[in-house]
Amino acid sequence: LPTHSALAEIRAHVSLSNVHQLAKLTKELPPPPQGLGAVAVAPSNVFATLVCSTLQNGNATLEERYDAVKPLLERLDAAELVALAKFLALGGDPPVVAAASDVSGEWEPKLPIHLRADVLKETVSLLQKAKTKGDGGASKKGGGAPGDAPSVSKVPGDEVAALKAAHVHLEGMQRVMRDVDLQGEDFVDLEATCGSPMELDRALGGLLGKGRALPCVCAAADILRSETDKDARFTSPSMILKSVVSAALSELAAVGTDDAARQAALKRIKGVLRSLATSDGSGTTDQHGSNEVNAAQLGELRNWAWKQLQQFCSDSIEGEEDAGVLQSRIRLLETMSVLTAGGDQGEAGVHWKGWSAPADTSSQASLLVCRSAACVGALGRVAHFTVHDVASLQAAEGLFERFLTSVDEDAPKLQTLVSLLNLWESEASWAQTDFPADSKGTKQSTVLLRDDALGAWVGTEEPTYIPVSLLHRCWQSLFAAMLKAGLEERVVQAVGAAVFGMTDEEIWGCPWRRALLTAEDAELLISNQGFTHPASAVKFGLLLPISSIRDDAVHRLLSLSNNLTSSAESQSKCALDAELLACVLATGSLSATCAVEPVFNHLCRLLSEATNDECSPLHSVAVPYAVALLTASGKHGLAGALVLQHTNVNPALCTFDGALVSLERFLRVQSKSSTTREIDDIDLWEDALPLTTACLHDHLALVCTVALTVLINDLKQCAKS
């Protein structure tokens, strides 16, 4: 081979204008002295050096530079032509002429696919011409012969065949890029297969695992297989899809604690499910050939995939100890639940339009038991159960009783059972209820839970009703255990969250509102003196949307007046805090406290403290809400005085009419304001009643609008009289 220094010297001086003279000169040079390790530079080396240097650097575009040096390819020695073609078009090892550069670093050609295909086409054509003429090298055109060239026979026949196959493959890739809707990295994966049936099948499986549409994958397969060996054994895209799903499910069952491998397998499965989601369910068209997947075949593939996932999620569903596998099953079952869902397609982005799942409910039952098992995993082996244990209300009650018996007074485990019941309320089909307004329902009186309840204040609409939970016996037993363990605030929070709209969309996504207890259940808990703090019992009673229990809670609140003027210990047990203030406001009970001055004055102090504390969730809503409640109940004087105090005006310095003017102006401003606060902004456990507080923010403008209407009507009546 020529020495590196000699080729570098040639590169420094060769150009398109002198390449033929320099090649002729190298032919006429005497051979180097023997024993010095030098090798003669052949004319072919000169042409090859110019081809590489021109493609590597230049002011013209790459296409223009390639067109300029393309005629020089026929001047190359056959073996050097093959090596250069493999380097330029197929990413092969760089020949010595490519490394002879005065630029630091190795050159990696990045020719576009159409130029690479042309390099292979020109190379194969020149080799075939040379073999036909039998002149031992590439054909010569005018301008002088570069010198004697080795015989084409020195180039192995299988290399020439490989170059021809690679050219056909790149031509097919150009068609794929032009006709098939794939992404950039997909073309790189397909191009690397270079006509190998096994590699092509692997690349097609990778595309399906990425979620590329099955019609596109079939089209790419047909194009790349159309001009290859007709005797080669190719796997149909449908079979490739099945193998990808089967392999991924096998990995999920065997990955153990390897979370990265688990996520990769789940991603491939979801990708395959996306590949089966066509826009209209009609399958592919006929333009790309034999790999067409029609609507019937597409439906069969969807049914097959559904059954495979269902079987995986149902195997040994009971007693599953591997939390990772359990989470994998949950993710798969969640994905299955949106395959036929309209509208929002969820995280997986999968929607099989026009397809209906097989008629059975085992997947939903499996999802419930998997989520339940994940929820109560902290309970240990006692938490192992089967799908039959959550198949009905009666079975679930028996399972819950078993759990409750096992946890004793363990506070974290009791809170785990709260989460389990919340899950069942949200997801279990047998827990869904919509009782009419009868004896099974619990009446809302003045509590503002939804817009239609506003009418109860002005007498234009009937109060609405909230259904009683079918799991109320479980809730009653759980609350009794929690009170025994001293978890009074957690009990209050659970009741309030259910009434004001329990929802956890990140986990379950099904909001629900229910009364967790019947009147009898609530009376039993209160009468057994389970609450050690009177204020906790008041909050508990106020939050339950049951008229008799709420009225009793108001009486209990008023009876606390003696404690407000007694010892510090009694005041501590009374604990009239901001949480109770939120309950009083949200349930519309503030006006009832006006009859007992110490209680009302204490609540007003809490209003002032919440307003002055910028970190309080009631900072911007407490006083406006209280003013609206007092106005709506006809206590305009108190409401006006509260407005004046809030605006730092001494009520004694203002007339009654002036207070009413200030009140009206205040309500108009508040009715147009927006103080909605996201529930996520309130820490779920730091603030004991986040949903109750959020309700105040969400409904402040509506409450002020109703209060303003009452005030204006009353003022008009006074003017007439």
Side-chain angles (χ1 to χ4, degrees), residues 1-34 36-60 62 64-89 92-103 107 109 111 115 118-155:
L1 291 177
T3 61
H4 186 276
S5 58
L7 291 175
E9 188 68 22
I10 291 174
R11 178 189 176 94
H13 296 88
V14 70
S15 66
L16 288 171
S17 61
N18 67 8
V19 63
H20 292 285
Q21 291 83 355
L22 191 55
K24 184 178 180 180
L25 178 62
T26 58
K27 181 180 180 181
E28 296 174 353
L29 289 175
Q34 296 182 359
L36 298 180
V39 182
V41 176
S44 177
N45 303 143
V46 178
F47 291 110
T49 300
L50 181 60
V51 171
C52 290
S53 63
T54 303
L55 292 178
Q56 182 179 4
N57 297 300
N59 295 326
L62 188 57
E64 293 173 341
R65 283 181 274 150
Y66 174 74
D67 291 338
V69 299
K70 180 179 177 180
L72 302 181
L73 296 178
E74 65 182 5
R75 303 292 187 178
L76 303 185
D77 173 274
E80 191 160 37
L81 176 62
V82 171
L84 186 61
K86 292 169 67 176
F87 172 63
L88 294 176
D93 295 332
V96 176
V97 293
S101 173
D102 57 352
V103 181
W107 172 46
L111 301 183
L115 293 185
D118 193 73
V119 168
L120 294 178
K121 179 182 179 180
E122 187 71 12
T123 299
V124 172
S125 176
L126 291 173
L127 292 175
Q128 289 176 339
K129 289 180 181 179
K131 184 175 182 180
T132 301
K133 292 184 177 182
D135 60 355
S139 63
K140 314 296 187 294
K141 294 185 179 179
D148 297 331
S151 172
V152 175
S153 62
K154 293 185 179 181
V155 179

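Computation of the quantities below employed the complete heavy-atom set of this structure, encompassing side-chain atoms and omitting hydrogens, waters and symmetry-equivalent molecules.
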Visitor: To the closest 0.5 Å, what do you measure between OG1 (Thr49) and CZ (Arg11)?
Guide: 8.0 Å
Visitor: Against Phe47, only a single residue in Val69, Leu84, Leu72 fulfils side chain to side chain contact (heavy atoms under 4.5 Å, CB included); can you say which?
Guide: Leu72
Visitor: For the NZ atom of Lys24 and the NE2 atom of His20, what is their distance to the nearest 0.5 Å?
Guide: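 Interatomic distance, Lys24 NZ to His20 NE2, rounded to 0.5 Å: 12.0 Å.
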Visitor: For Glu80, check side chain to side chain contact (heavy atoms under 4.5 Å, CB included) against everything at least two apart and list the hits.
Guide: Ser44, Asn45, Ala48, Asp77, Val97
Visitor: Just to verify, what does Ala60 make a side chain to side chain contact (heavy atoms under 4.5 Å, CB included) with, not counting sequence neighbours?
Guide: Glu64, Arg65
Visitor: Mind listing the closest non-hydrogen atom pair of Thr123 and Ala85 along with its distance?
Guide: OG1-CB, 3.3 Å
Visitor: Who are the salt bridge (Lys or Arg N to Asp or Glu O under 4.0 Å) partners of Lys86, not counting sequence neighbours?
Guide: Glu159
Visitor: Could I get the full list of side chain to side chain contact (heavy atoms under 4.5 Å, CB included) partners for Asn18, not counting sequence neighbours?
Guide: Val14, Ser15, Gln21
Visitor: Using the side chain to side chain contact (heavy atoms under 4.5 Å, CB included) rule, pick out the option among Ile10, Leu22, Val19 that qualifies with Leu50.
Guide: Val19
Visitor: The test is side-chain contact (heavy atoms from CB on, under 4.5 Å); show your working for Leu55 and Val51 and say whether it passes.
Guide: CA-CA 6 Å; Leu55 292 178; Val51 171; 4.1 Å; yes
Visitor: Show your working on side-chain contact (heavy atoms from CB on, under 4.5 Å) between Lys129 and Ser125 and close with a plain yes or no.
Guide: CA-CA 6 Å; Lys129 289 180 181 179; Ser125 176; 3.7 Å; yes
Visitor: Looking at OH of Tyr66 and CG of Leu88, how far apart are the two atoms once the value is rounded to the nearest 0.5 Å?
Guide: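 If I round to the nearest 0.5 Å, the distance is 8.5 Å.
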